[in-house]
K.L.:
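Sharing a structure below in structure tokens format, with a few things to ask.
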Amino acid sequence: MKIIGVVLALLLMLSGCDGGAKDMDRALALRSKLLAGESCTFLADITADYGDQVHSFSVSCQGDAQGNLQFEVMKPEPIAGITGRISDSGGQLTFDDTALQFDLLTDGQLSPVSAPWIFLRTLRGGYLTGAGREGELLYVQAKDSYEDNALGVDLWLGAEDLPVRGEILWKNRRILTLEIQDFGIQGG
């Protein structure tokens, strides 16, 4: 009887491993689609958590095949219409009478408006460290780079394995949250 119990336990463990590999394959399939596409678009509701204060805003984003991102702030109304462009080489904001004023995060290294770019950069080429199921969603853990000071990026994929949520972590603390809507990949 003990032998049957051990065999059943081993089968359960092995079937769990297979699910993790399939989940990782699904995350890698999304990466392949992004890399094959000409562009992607999405809306993001972003929350920046400073510990003692929280800032929220919404942006419309478009990423290109080179990993560059353009965004337009949609709300709140006082900053709506501000646009920006972010790439590996830096960023640029465009505005009329209003400027964005967010304190920097991660020891003064990261602006909250960079969240969609980090999210997209991680989807396209970050270090995927794990994948599994969280209810109906596919949960993927990643790092934005292979560097020692890499940001943690947790991703949730919904229908058709497209992103619906992302969290950016610094030193294991969630600092930025993105609620993703209407994620689409064009071309390819």
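What you are looking at is a predicted structure, and each value in this text was computed from that prediction instead of being measured.
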K.L.:
Using 0.5 Å steps for rounding, measure from the CD1 atom of Ile86 to the CG atom of Leu69.
P.N.:
6.0 Å

K.L.:
Can you check whether Leu155 reaches Phe119 side chain to side chain, under 4.5 Å on heavy atoms?
P.N.:
yes

K.L.:
Would you give the length of the straight line joining atom CG of Asp49 to atom CG of Leu176, rounded to the nearest 0.5 angstrom?
P.N.:
8.5 Å

K.L.:
Determine whether Lys143 and Leu128 satisfy the following criterion, side chain to side chain contact (heavy atoms under 4.5 Å, CB included), listing intermediate values before the conclusion.
P.N.:
CA-CA 7 Å; Lys143 300 283 185 184; Leu128 302 179; over 6 Å; no

K.L.:
According to side-chain hydrogen bond (donor to acceptor under 3.5 Å, both in side chains), who are the partners of Asn149, at least two apart in sequence or on a separate chain?
P.N.:
none

K.L.:
More than 12 non-hydrogen atoms from neighbouring residues, nucleotides or ligands closer than 6.0 Å to CG on Asp52, yes or no?
P.N.:
yes

K.L.:
Linking Ile, Leu, Val, Met, Phe, Trp and Tyr by side-chain heavy atoms under 4.5 Å, what else ends up with Met74?
P.N.:
none

K.L.:
side-chain contact (heavy atoms from CB on, under 4.5 Å) with Thr47: which residues, sequence neighbours excluded?
P.N.:
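Thr47 satisfies side-chain contact (heavy atoms from CB on, under 4.5 Å) with Val54, Ser56, Thr177 only.
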
K.L.:
Could you tell me which non-hydrogen atom of Ile79 sits nearest to which non-hydrogen atom of Phe57, and how far apart they are?
P.N.:
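Minimum heavy-atom contact is CD1-CB, 4.2 Å.
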
K.L.:
Report the residue from Val140, Ile118, Leu169 that forms a side chain to side chain contact (heavy atoms under 4.5 Å, CB included) with Val153.
P.N.:
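The passing option is Ile118.
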
K.L.:
Among all residues two or more places apart in sequence or in another chain, which pass the side-chain hydrogen bond (donor to acceptor under 3.5 Å, both in side chains) test with Ser60?
P.N.:
none

K.L.:
Scan residues 129-141 for pairs that pass side-chain hydrogen bond (donor to acceptor under 3.5 Å, both in side chains), counting only residues two or more places apart or in two chains.
P.N.:
Glu134-Trp156, Tyr139-Gln141, Tyr139-Asp154

K.L.:
To the nearest 0.5 Å, tell me how far Glu167 CD sits from Leu151 CG.
P.N.:
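If I round to the nearest 0.5 Å, the distance is 13.5 Å.
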
K.L.:
With sequence neighbours excluded, tell me which residues meet side-chain hydrogen bond (donor to acceptor under 3.5 Å, both in side chains) with Ser145.
P.N.:
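Partners of Ser145 under the side-chain hydrogen bond (donor to acceptor under 3.5 Å, both in side chains) test: none.
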
K.L.:
For Asp161, give me all partners under salt bridge (Lys or Arg N to Asp or Glu O under 4.0 Å), at least two apart in sequence or on another chain.
P.N.:
Arg26

K.L.:
Kindly compute the distance separating CD1 (Ile180) from CG (Leu157), expressed to the nearest 0.5 Å.
P.N.:
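Reported value, rounded in 0.5 Å steps: 11.0 Å.
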
K.L.:
How long is the straight-line distance from CG of Leu138 back to CE of Met24, given to the nearest 0.5 Å?
P.N.:
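If I round to the nearest 0.5 Å, the distance is 9.0 Å.
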
K.L.:
Group every Ile, Leu, Val, Met, Phe, Trp and Tyr by side-chain heavy-atom contacts under 4.5 Å, then state whether Val113 and Trp170 land in the same group.
P.N.:
yes

K.L.:
For Asp88, what residues pass the side-chain contact (heavy atoms from CB on, under 4.5 Å) criterion, not counting sequence neighbours?
P.N.:
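Per chain and number, Asp88 pairs via side-chain contact (heavy atoms from CB on, under 4.5 Å) with Trp117, Arg121.
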
K.L.:
Quick one: side chains of residues 29-42, donor-acceptor pairs under 3.5 Å with protein atoms, not counting sequence neighbours, listed by atom name and distance.
P.N.:
from: Arg31; atom 1: NE; to: Leu123; atom 2: O; distance (Å): 3.0
from: Arg31; atom 1: NE; to: Arg124; atom 2: O; distance (Å): 3.3
from: Arg31; atom 1: NH1; to: Gly126; atom 2: O; distance (Å): 3.2
from: Arg31; atom 1: NH2; to: Thr122; atom 2: O; distance (Å): 3.1
from: Arg31; atom 1: NH2; to: Gly126; atom 2: O; distance (Å): 2.7
from: Ser32; atom 1: OG; to: Leu28; atom 2: O; distance (Å): 3.2
from: Ser39; atom 1: OG; to: Gln186; atom 2: OE1; distance (Å): 3.1
from: Thr41; atom 1: OG1; to: Gln186; atom 2: NE2; distance (Å): 3.2

K.L.:
Between Asp45 and Gln181, do the side chains contain a donor N or O and an acceptor N or O under 3.5 Å apart?
P.N.:
yes

K.L.:
With ILVMFWY side chains joined below 4.5 Å, transitively, what does Tyr127's cluster contain besides itself?
P.N.:
Tyr146

K.L.:
So do the side chains of Cys61 and Leu43 get within less than 4.5 Å of each other, counting heavy atoms only?
P.N.:
no

K.L.:
How about Pro116 and Phe71: do any of their side-chain heavy atoms sit closer than 4.5 Å?
P.N.:
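Pro116 vs Phe71: side chains apart.
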
K.L.:
Taking all atoms of both residues into account, what is the closest heavy-atom pair of Leu137 and Gly158, and its distance?
P.N.:
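Nearest heavy atoms, Leu137 then Gly158: CD2-CA, 3.7 Å.
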
